[in-house]
Amino acid sequence: MALKRPKGTFDLLPPGSPGIDKHNAMNRHQLLLERARETLERAGAKYIQTPLFEALELVERGVGESTDVVQKEMYSVSSRGSEESFVLRPEGTASIVRAFLENGLKQFPAPLKLWTYGPMFRAERQQEGRYRQFHQVDYEVIGSDDPLTDAEAIALMWRVLERVGLKNLELKVSSLGDPPDREAYNAYLRALFAPHLERLSPLSHSRLERNPLRVLDSKEAQDIALIAELNPRSLLGSLGDTAKAHLDKVCTYLSAWNVPFVLDPSIVRGLDYYRRTAWEVHHAGVGAKAALGGGGRYDGLAELLGGPATPGVGWALGVERLLLALEAEGIPAPAVAGPLVYLGALEEGLLENVTRLALELRHFASCEFGYRAKKPGKHLEDAVKKGAVFLGLIGPDEANARTISLKNLERGEQVVLPRADLNHYLQTHISTEN
Ligand code: HAM
């Protein structure tokens with residue numbers, strides 16, 4: 001039997017491939033990436049790329065030992081004869097903060113805005129919107145605890161979503177408090193659930209010890225029923241003065257910029273490094289439990305990784321989930337442009353002539369050529385299949401006169417041009433048409 005790709009992964013395919021489904025069209029990925037790049041770089045973000053695998057310890061310390069990601073979803077990477085433990089990265093933030101510390105990036109004026117795009121790996125149970133290799137666009141601002149950086153980060157995420165054309169979005173903002181707020185709240189939850197331990201699911205039972213906040217995020221029916229009955233007060237309602245003032249400022253900026261959000265105390269986030277602001281964007285087409293993206297502030301992360309205290313805030317959008325949302329809203333995939341020019345030789349002996357011209361043209365325009373000499377009608381068919389704007393043909397007459405026959409396939413016009421005028425002619429065409 002022919003071999004298959006691993007479950008929960010995709011081949012990203014050129015548009016028009018028979019195997020295209022809603023997740024894997026390369027032109028859709030590239031459009032999202034382009035919109036994100038433009039939006040983030042206009043705001044001063046610099047691109048960064050970190051390795052696809054990292055030390056196990058980085059992820060354990062950064063993402064947190066109690067998280068589902070570390071407990072259940074890591075892919076280990078080993079090499080023969082080496083004792084070192086590596087894992088495929090499940091997310092980008094811990095790696096970017098490590099790279100910031102390791103490469104002395106604090107010498108840039110603070111805060112430093114960084115962004116990246118690439119595959120992440122989590123061994124999750126596969127279902128719609130949840131894959132084992134998926135892609136994130138990730139934005140991080142390192143070196144400031146100013147609530148303006150949180151608000152700007154949220155607004156940039158919102159702008160990327162708007163620019164890809166999505167409408168049915170809901171931005172939910174909350175705060176996970178400062179560490180003392182969180183400790184007090186954890187103690188409150190443990191005390192609240194303590195008399196009812198036998199009614200909690202085994203998973204929530206163990207979470208109550210390690211990370212009680214995650215109990216509130218349980219999808220188990222018995223936990224949901226118990227939580228409804230006990231009706232715990234929210235962490236958002238139990239913030240200390242500093243975290244509360246920070247959140248208020250974030251909300252004030254978002255309102256001033258007309259970024260629509262709701263305060264939602266149910267935002268828990270699945271990674272341990274968050275403190276203060278946390279948010280998610282949800283979309284009806286992707287399902288209630290699956291966020292398109294999420295982020296938050298992680299002021300303690302640099303210290304967990306062995307560096308000096310360095311505040312930071314950021315977010316990641318899941319590309320495949322964005323594609324599901326685009327599909328749900330019926331937003332069409334971008335048109336795929338063919339070459340500006342398709343060149344064809346009418347005799348084998350003229351191939352050298354044609355290909356030399358093609359290589360020259362590629363200095364300023366896209367150009368493909370036929371690999372064999374053919375009749376004009378056959379070249380025309382090939383050029384149309386490629387989606388070319390112009391078909392250029394060179395036969396013996398054109399070769400002798402150093403000209404080219406050029407047909408505009410969109411308008412049907414045909415001209416014979418001196419070869420020396422071709423660049424100018426095409427450039428005029430590009431500037432008037434686009
Ligand atoms: P996260 O919430 O774990 O946050 O993931 C962000 C987004 O990645 C999710 O909202 C979702 O769209 C996508 N995603 C996560 N897991 C999967 C999966 N198995 N299949 C498909 N898509 C998935 C983070 O990763 C943080 N690093 C975000 C961040 C950056 N916080 C601060 N800076």
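Counting starts at 1 for both ligands and their atoms, in listed order.
Counting the atoms of ligand 1 from 1 in the order shown, those under 4.0 Å from a heavy atom of Y298 are 32 (C), 33 (N). Interface atoms of ligand 1 facing A316, defined by a heavy-atom separation under 4.0 Å, are 6 (C), 7 (C), 28 (C), 29 (C), 30 (C). Interface atoms of ligand 1 facing E140, defined by a heavy-atom separation under 4.0 Å, are 30 (C), 32 (C), 33 (N). For ligand 1, the atoms sitting less than 4.0 Å from at least one non-hydrogen atom of Y274 are 26 (C), 28 (C), 29 (C), 31 (N), 32 (C), numbered in the order shown with element in parentheses. Near G129, meaning under 4.0 Å from one of its heavy atoms, ligand 1 places the atoms 20 (N), 21 (C), 22 (N). Listed by atom number, the atoms of ligand 1 under 4.0 Å from A291 heavy atoms are 9 (C), 10 (O), 11 (C), 12 (O). Close contacts of ligand 1 with G293, meaning ligand atoms under 4.0 Å from a residue heavy atom, involve 10 (O).
For ligand 1, the polar-atom distance check against T93 finds a nitrogen or oxygen pair separated by under 3.5 Å. Considering backbone and side-chain atoms together, G295 places no N or O closer than 3.5 Å to any N or O of ligand 1.
Here the CD1 atom belonging to I154 is positioned 11.0 Å from the OH atom belonging to Y139, to the nearest 0.5 angstrom.
Of all the heavy atoms of E320, none lies under 4.0 Å from any atom of ligand 1, so neither backbone nor side chain is involved. Counting heavy atoms under 4.0 Å from ligand 1, residue Y273 touches it through the side chain alone. Residue Y131 touches ligand 1 through backbone and side chain together, judged by heavy-atom distances below 4.0 Å.
The shortest non-hydrogen separation linking A94 to G62 is CB-CA, 4.3 Å. Listed here is the closest heavy atom pair of P334 and N27: O-ND2, 3.1 Å.
The single protein non-hydrogen atom nearest to atom 14 (N) of ligand 1 is F134 CE1, 3.4 Å, given as residue, atom name and distance. Among all protein heavy atoms, the one lying closest to atom 13 (C) of ligand 1 is G318 CA, 3.7 Å. The closest protein non-hydrogen atom to atom 6 (C) of ligand 1 is Q136 NE2, 3.3 Å. Nearest protein heavy-atom neighbour of atom 4 (O) of ligand 1: R269 NH2, 3.0 Å. Nearest protein heavy-atom neighbour of atom 32 (C) of ligand 1: G314 O, 3.2 Å. Distance from atom 27 (N) of ligand 1 to its nearest protein heavy atom, with residue and atom name: E91 OE1, 2.6 Å. Among protein heavy atoms, the minimum distance from atom 11 (C) of ligand 1 is reached at R321 NH1, 3.4 Å. For atom 12 (O) of ligand 1, the closest non-hydrogen atom on the protein side is L292 O, 2.9 Å.
Using a 4.0 Å cutoff on heavy atoms, R297 does not count as a contact of ligand 1. At least one heavy atom of R130 sits closer than 4.0 Å to an atom of ligand 1.
Between E381 and H379, the side chains place no donor N or O within less than 3.5 Å of an acceptor N or O (distance only, hydrogens not considered). A donor atom on one side chain and an acceptor atom on the other are found under 3.5 Å apart for T149 and R297. Side-chain N/O atoms of E41 and W115 include a donor and acceptor closer than 3.5 Å. Residues Y47 and Q49 have side chains that bring a donor and an acceptor to within less than 3.5 angstrom of each other. A donor-acceptor contact closer than 3.5 angstrom links the side chains of H135 and E320.
Remark: side-chain polar atoms of S17 are not paired, donor with acceptor, to backbone N or O of I20 under 3.5 angstrom. Although no hydrogens or angles enter the test, the distance criterion places no donor-acceptor pair under 3.5 Å between the side chain of E91 and the main chain of M120.
Ring geometry, F10 versus Y131: the interplanar angle exceeds 60°, so the pair is classed perpendicular (tilted spans 30 to 60°).
Around atom OH of Y371, no more than 12 heavy atoms belonging to other residues, nucleotides or ligands sit under 6.0 Å away.
Under the 6.0 Å distance and 45° angle rule, R233 counts as a cation-pi partner of Y188.
Among the candidates R130, K72, R132, the single residue satisfying the side chain to side chain donor-acceptor pair (under 3.5 Å) test with E124 is R130.
Atom 15 (C) of ligand 1 has its nearest heavy-atom neighbour, among M120, R122, R89, in R122.
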